[in-house]
Amino acid sequence: VLPIPDDKRFQELDDDGFQFACHPDVACFNQCCRGLKLFLTPYDVLRLKNRLGLSSDEFIDRHTMIRPGQNGWPQPLLKMTDTYERTCPFVSDQGCTVYDDRPGACRSYPLGRGARGGQAGGSQEELFFLVREDHCQGFEQGPHWSPQTWSADQGLEEYNQINDLFLPLITRPPKLVPPPAARKMAEMFFLATYNLDLFGRMVRESDLLKRFQVPPQRVQAMLQDEVELMKFGFDWLGFTIFGDRTLTPTTG
Ligand code: SF4
Ligand code: SF4
């Protein structure tokens, strides 16, 4: 959840919700799947790499470029094709070929989530806004949506839930430390968020788990379920990078 960007394309949503439809018969079909600057979240990468039958490493190498993202943390940017139109590698004439596993940003459009308040430790109010791209002809037609019905229809809830657990990491800048320590911190961040297959191997093969009090049920769950492993990775980074009390170290 981020502040609403200061851009005329972004409009705060009122209680009336919005009308929208996107389907192969709109004149602009597929127009939005090109020339994108789309930073992927860890959960986007997890869904896409499994969809494509690739390891995290293979997916990152083949389909992304690692760039400084929010607060300078390394994040994978989806690589567009090397064509004049710079189309998304997953678009076809029939639409998105990874539709059931498309990134959260693709699901969400034209709805955005923002937050108001939260300064000086105050509480934050969640709010929604619309993004109106000039070329998009999906407005003023089709069903009427509230943010909740749109999110449910697009399968966004699971994405939002997991992405919200990532926010406490990505919304804080790295600590100011000498360059070798900064590099190490960035590597740890990328490993436990995006390179989940490698992180899983480290969890299984190193003594990392022995250094924390992790209930056996949680260990079992995260060794069987990549989403649970990802959540552990977020906690491990919160503890290791920011000193959060997300994990309890073993004593002695
Ligand atoms: S992942 Fe699918 S919906 Fe998203 S830009 Fe690519 S083709 Fe379009
Ligand atoms: S531009 Fe809008 S209506 Fe057209 S395909 Fe994209 S989301 Fe759908």
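In this chain, residues are counted from 1 in sequence order. All ligand and atom numbering here is 1-based and tracks the order in the structure.
- Residue contacts with ligand 2: Gln31 is excluded, as none of its non-hydrogen atoms falls under 4.0 Å.
- The ligand atoms of ligand 2 that sit less than 4.0 angstrom from a heavy atom of Asn30 are 5 (S).
- Under the 4.5 Å side-chain heavy-atom criterion for grouping Ile, Leu, Val, Met, Phe, Trp and Tyr, Phe242 is connected to Leu247 within one hydrophobic cluster.
- The ligand atoms of ligand 1 that sit less than 4.0 angstrom from a heavy atom of Cys88 are 1 (S), 5 (S), 6 (Fe), 7 (S).
- Contact atoms of ligand 2 toward Cys136: 1 (S), 2 (Fe), 3 (S) (distance under 4.0 Å to a heavy atom of the residue).
- Below 4.0 Å from some heavy atom of Phe90 lie the following atoms of ligand 1, by number and element: 7 (S).
- Salt bridge annotation for Lys184-Glu187: absent, with no cationic side-chain nitrogen under 4.0 angstrom from a carboxylate oxygen.
- Atom numbering of ligand 2 starts at 1 in the shown order; those under 4.0 Å from a heavy atom of Phe29 are 5 (S).
- Atom numbering of ligand 2 starts at 1 in the shown order; those under 4.0 Å from a heavy atom of His135 are 1 (S).
- When all heavy atoms of Asn71 and Arg172 are compared, the pair lying nearest together is ND2-N, 3.4 Å.
- Nearest protein heavy-atom contact of atom 4 (Fe) of ligand 1 is Cys106 SG, 2.4 Å.
- The six-membered or imidazole ring of Phe166 lies near that of Phe234, with a centre-to-centre distance under 6.0 Å.
- Using the six-membered ring where Trp is involved, Phe199 and Phe232 have ring planes that are parallel, under 30° apart on the 30 and 60° scheme.
- Taking 2.8 Å as the threshold, Cys28 counts as a candidate ligand of atom 4 (Fe) of ligand 2, since one of its N, O or S atoms lies below it.
- Counting atoms of ligand 2 from 1 in the listed order, those under 4.0 Å from a heavy atom of Tyr109 are 7 (S).
- Connection of Leu191 to Val177 is established within a shared hydrophobic cluster, with ILVMFWY side chains joined at heavy-atom distances below 4.5 Å, either directly or through further cluster members.
- Here is the list of ligand 2 atoms found below 4.0 Å of a heavy atom in Gly138: 3 (S).
- Between the side chains of Tyr43 and Glu158, at least one donor N or O lies within less than 3.5 Å of an accepting N or O.
- With respect to Glu58 and Lys49, no salt bridge is recorded, no charged nitrogen being found less than 4.0 Å from a carboxylate O.
- Close approach of ligand 1 to Pro103 (heavy-atom distance below 4.0 Å) involves ligand atoms 1 (S).
- Close approach of ligand 1 to Leu36 (heavy-atom distance below 4.0 Å) involves ligand atoms 5 (S).
- Of the candidates Leu54, Asn195, Asp197, Phe59 forms a side-chain contact (heavy atoms from CB on, under 4.5 Å) with just one, namely Leu54.
- Between Pro103 and Asp44 the shortest heavy-atom distance is CA-OD1, 3.3 Å.
- One of the N, O or S atoms belonging to Cys32 lies under 2.8 Å away from atom 6 (Fe) of ligand 2.
- Of the protein's non-hydrogen atoms, the one nearest atom 2 (Fe) of ligand 1 is Cys96 SG, 2.4 Å.
- When only non-hydrogen protein atoms are considered, atom 8 (Fe) of ligand 1 lies nearest to Cys33 SG, 2.4 Å.
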